[in-house]
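Following: one structure in structure tokens, then a few remarks.
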Amino acid sequence: QVQLVESGGGLVQPGGSLRLSCAASGSISAVFAMGWYRQAPGKQRELVALITNGNNTRYADSVKGRFTISRDNAKNTVYLQMNSLKPEDTAVYYCNANVRPRWQFTGNVYWGQGTQVTVSS
């Protein structure tokens with residue numbers, strides 16, 4: 001089994017900061033790209049940020065310059081540092097990772113359970 005467990009969501013005022021974490025655990029052979037998605041009420045899930053196992057990154061235009069994605073390969077963990085938060089950042093944030101389990105030669109895409117981020121005064 002492979003699991004992604006997220007932490008770090010919560011309520012923050014506009015202009016504030018939060019840091020999300022997501023750790024992959026279980027029978028893991030390799031972790032490839034990891035990323036964060038979000039889904040606001042009534043909207044489709046969208047990519048927020050992505051990081052490859054070579055540390056190449058990609059961001060949604062709406063978060064560039066405010067959010068930073070990083071990873072610790074030794075811990076199979078991805079982070080999302082969110083600064084200058086806006087009310088429109090309010091959403092459920094989901095961790096995503098392409099993980100190769102020990103029992104396979106190829107990777108599978110796994111999702112975390114989601115963590116709520118609310119930006120409000």
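Side-chain atoms are counted along with the backbone in the values below, which use heavy atoms only and exclude waters and symmetry mates.
Residues Met82 and Leu50 do not share a hydrophobic cluster, clusters being chains of Ile/Leu/Val/Met/Phe/Trp/Tyr side chains in contact below 4.5 Å. Tyr110 and Tyr79 are members of different hydrophobic clusters when ILVMFWY side chains are connected at heavy-atom separations under 4.5 Å. Val119 and Tyr37 end up in different hydrophobic clusters when Ile, Leu, Val, Met, Phe, Trp and Tyr side chains are linked at under 4.5 Å. Tracing side-chain contacts under 4.5 Å through hydrophobic residues (I, L, V, M, F, W, Y), one never reaches Val5 starting from Leu80; they form parts of separate clusters.
Under the 30°/60° scheme for interplanar angles, the aromatic rings of Phe67 and Tyr93 are found to be tilted.
Summarising the geometry, atom SG belonging to Cys95 is positioned 5.0 Å from atom CE belonging to Met34; distances are rounded to the nearest 0.5 Å.
With a 4.5 Å cut-off on side-chain heavy atoms, Ser29 and Pro101 do not count as touching.
No side-chain N or O of Glu88 forms a donor-acceptor pair with one of Thr90 less than 3.5 Å apart. Residues Asn83 and Ser17 have side chains that bring a donor and an acceptor to within less than 3.5 angstrom of each other.
Taking 4.0 Å as the cut-off between side-chain N and carboxylate O, Lys86 and Asp89 do not count as a salt-bridged pair.
No more than 12 heavy-atom neighbours from other residues, nucleotides or ligands sit within 6.0 angstrom of CD on Gln3.
Between Gln116 and Ala91, the closest heavy-atom pair is NE2-O, 3.4 Å.
In this structure, Arg38 forms no cation-pi arrangement with Tyr94, as its terminal cationic atom is not both closer than 6.0 Å to the ring centre and no more than 45° off the ring axis. Geometrically, Arg100 does not engage Phe105 in a cation-pi contact defined by less than 6.0 Å to the ring centre and at most 45° from the axis.
With hydrogens and angles ignored, the 3.5 Å screen pairs a side-chain donor or acceptor of Arg71 with a backbone N or O of Thr52.
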